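The structure under discussion appears below in the form of structure tokens.
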Amino acid sequence: MSDPTQPREKWSGRTGFILAAAGSAIGLGNIWKFPYVVGENGGGAFVLVYLICVAIIGAPVMLCEFALGRRTLRSPVGAFRALATKTSILVHLIGIGVLIAGIFALLFRCWGWGALLLALGLLIFRHGWVLVGFSGVIAGFTILSFYSVVAGWTLGYIWKAAAGQLNFPTVTDAQAHFANFILSPGWALGCHFLFMLMCILIVYKGVQSGIERWSKILMPVLFFIIFALIVRNLTLPGAMEGVRFYLTPDFSKITTGSILIALGQAFFSLSLGMGVMITYGSYLDRRESLVTSTRSVGGLDTLIALMAGLAIFPAVFAQGFSPDVGPGLVFQVLPTVFNQIPLGAFWAFLFFILLLIAALTSGISLLEVVTAYFVDERRWPRRRATIVFGAAIFLLGSLCALSVTDWSRLQALHALLLKVFATAKPSFFDTMDNLSSNWLLPLGGLFISLFTGWVWGTRHALDEIRQGAPSFGNVHLVSLLAGLKDLPPSNGGPPPYTLAAFWGIFIRFISPVAIMLAFLHTIGWLT
Ligand code: TRP
């Protein structure tokens, strides 16, 4: 529905596209979350499980997202609208299920949930698959609102490192400083504002001269910084202890739970499940190969995640610290570690710049999904969409920034949530994080693969994938294993056990089931 007089924007070529998509994928998830999750879940053994999840679930779904975008030349809402059939048995079944759940909720006097589920059920009947696109736009909104707060902290810490204020003798001092910092509204809101401003300025400029241009500048810098940090930290005395902790496989720690954690992490890290890759794929030329692109983006994302662990753990162990939990590791332990090595302030500065770049290229992809919806479907001029929704996300994020640790500053909102839903997460920040990471993303990923597998059809998706990669999957798996990959099939027809056939099976059966299990695990129904 976009303005037909204006040609749709495009990437200038494959490199720009790959760097932008990799920029979206490489983010805070790689640099603070991945190393810590690996450390907790069995080191090298977990890395192995993670790699398998990326290869057999993540990559096939990424390929679907790219194909959906490039076939329709639309962002998620338009993509589903263009390809969805009017009546789909699957949608009606889901709709009826949700309505029944809503009625039960009302019977049990859960008024808020009941009303929510009934409304959702009606929306499912009204919009069908297009709702998956809308949920992507909403997820972009909610993720960016808390992501930008954390990214703002890195901005603040860059400033503090440059000013030499990160000289903490002990982790306890660093903790006190951090707690004080994130709770002071001036710093938290100011940094969050600056970060959103940067995202807005880049997305405002458009696909080629904004997102692509900045990805081409920032991604090589990111690579260079992480490399420098690895070399620096691996040469600290005692660094090998950290490498051992990070990578020694401990298969006893691999449980069903940790496999599902690996899957969830793979999805978040590859930016799947909310249509970022649909949107980015829609700006790609038909002559480019989606298959090579998927391989490069997945490979770069995994590489940087692994490198982040190599940059962080050696330093933490060399200085005799234990790997702490979550955000604490990078904002509390690392500054203390850097404080003890020569030129520490410089390395801390470099590290937070790295974190900022990673967050920035992810932040712009989130804002782009929201912007692209208003540009494609509502015919807004890009600039207006960017500013209006950037500002709206800033406001929502401000609530997150004000309630990072508890609800004390937003008591009215808290009381309302408790009244309507009878539950509330520890803070507004956690509520946004939970809503997007645990609900919208997994469900989005589930429906994207169900849609491609059963509604749009793997055959049509394959047609699109083969534009630019004509022989994708056209290889007999057994011949591949036997090293006879280039042997033409003797009867001329397509051989039965092709890679393409396996891709289809994964999309139709394996990914939906795996994502469903991971989802049930995170919301606690499967323990
Ligand atoms: N992948 C990013 C990270 O690792 C986060 C991110 C950006 C994201 N865009 C996304 C996650 C879209 C899910 C969906 O930090």
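All ligand and atom numbering here is 1-based and tracks the order in the structure. For the numbers below, each heavy atom of this structure counts, side chains included, while hydrogens, waters and symmetry mates do not. Owing to the predicted nature of the structure, the values given are computational and were not obtained by experimental measurement.
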Completion exercise
Under 4.0 Å from one or more heavy atoms of Gly27, ligand 1 contributes atoms 3 (C), 4 (O), 15 (O)
Handout entry: Nitrogen or oxygen of Val276 less than 3.5 angstrom from that of ligand 1
Key = no
Exercise for the section: Begin from the C-alpha positions of Thr522 and Asn438 and carry the test side-chain hydrogen bond (donor to acceptor under 3.5 Å, both in side chains) through to its verdict. Expected result: CA-CA 6 Å; Thr522 35; Asn438 297 344; 4.9 Å; no
Practice task
Answer whether the closest heavy-atom distance between the side chains of Phe178 and Trp153 falls below 4.5 Å.
Solution key: yes
Practice task
For a side-chain hydrogen bond (donor to acceptor under 3.5 Å, both in side chains) with Ser75, tell me which candidate from Thr371, Thr279, Asp376 qualifies.
Solution key: Asp376
Handout entry: Within 45° cone of Trp214 ring axis and under 6.0 Å: Lys205 NZ or CZ
Key = no
Exercise for the section: Identify, for atom 11 (C) of ligand 1, the protein heavy atom at the shortest distance, and state residue, atom and that distance. Expected result: Phe268 O, 3.3 Å
Exercise for the section: Give a yes/no verdict on whether any heavy atom in Ser365 is under 4.0 Å from an atom of ligand 1. Expected result: yes
Completion exercise
So the atoms of ligand 1 within less than 4.0 Å of a heavy atom of Ser269 turn out to be 1 (N), 4 (O)
Handout entry: Top protein contact for atom 4 (O) of ligand 1, by heavy-atom distance
Key = Ala25 O, 3.0 Å
Completion exercise
For Leu441, the atoms of ligand 1 under 4.0 Å from one of its heavy atoms are 13 (C), 14 (C)
Exercise for the section: Report yes if Ile26 has an N/O atom closer than 3.5 Å to an N/O atom of ligand 1; otherwise report no. Expected result: no
Problem - Test item: Lys33 and Leu28 side chains (from C-beta on) under 4.5 Å apart, heavy atoms - result: no
Handout entry: Test of ring centre spacing under 6.0 Å for Phe331 and Trp32
Key = no
Practice task
Could you list which atoms of ligand 1 come closer than 4.0 Å to a heavy atom of Asn30?
Solution key: 4 (O)
Exercise for the section: Could you tell me if the ring centre of Trp454 sits under 6.0 Å from that of Phe509? Expected result: yes
Handout entry: Heavy-atom check, side chain of Leu306 versus side chain of Tyr246, under 4.5 Å
Key = yes
Exercise for the section: Check each heavy atom of Asp301 against ligand 1 and say whether those closer than 4.0 Å belong to the side chain, the backbone, both or neither. Expected result: neither
Fill in the blank from the handout: For Ser24, the ligand 1 atoms with a heavy-atom partner under 4.0 Å come out as 1 (N), 2 (C), 7 (C), 9 (N)
Completion exercise
In terms of its nearest heavy atom to atom 12 (C) of ligand 1, the top option of Lys33, Met277, Glu368, Met274 is Met274
Handout entry: Heteroatom proximity flag, Leu366 to ligand 1, N/O under 3.5 Å
Key = no
Practice task
Check whether any side-chain heavy atom of Asn41 lies under 4.5 Å from a side-chain heavy atom of Ile261, and answer yes or no.
Solution key: yes
Exercise for the section: Flag Gly29 as yes when one of its N or O atoms lies below 3.5 Å from any N or O atom of ligand 1, and as no otherwise. Expected result: yes
Fill in the blank from the handout: Per-atom filter on ligand 1: closer than 4.0 angstrom to a heavy atom of Leu28 are 15 (O)
Exercise for the section: Would you please classify the geometry between the His460 ring and the Trp456 ring as parallel, tilted or perpendicular, with 30° and 60° separating the classes? Expected result: parallel
Handout entry: Nearest protein heavy atom with distance in Å, relative to atom 10 (C) of ligand 1
Key = Ser271 OG, 3.4 Å
Practice task
Run the contact test for Tyr147 against ligand 1 with a 4.0 Å cut-off on heavy atoms, strictly below, and give the result.
Solution key: yes
Practice task
Could you tell me whether some N/O pair between Ser362 and ligand 1 is separated by less than 3.5 angstrom?
Solution key: no
Exercise for the section: Could you check if a side-chain atom of Lys425 sits within less than 4.5 angstrom of a side-chain atom of Leu435, using non-hydrogen atoms only? Expected result: no
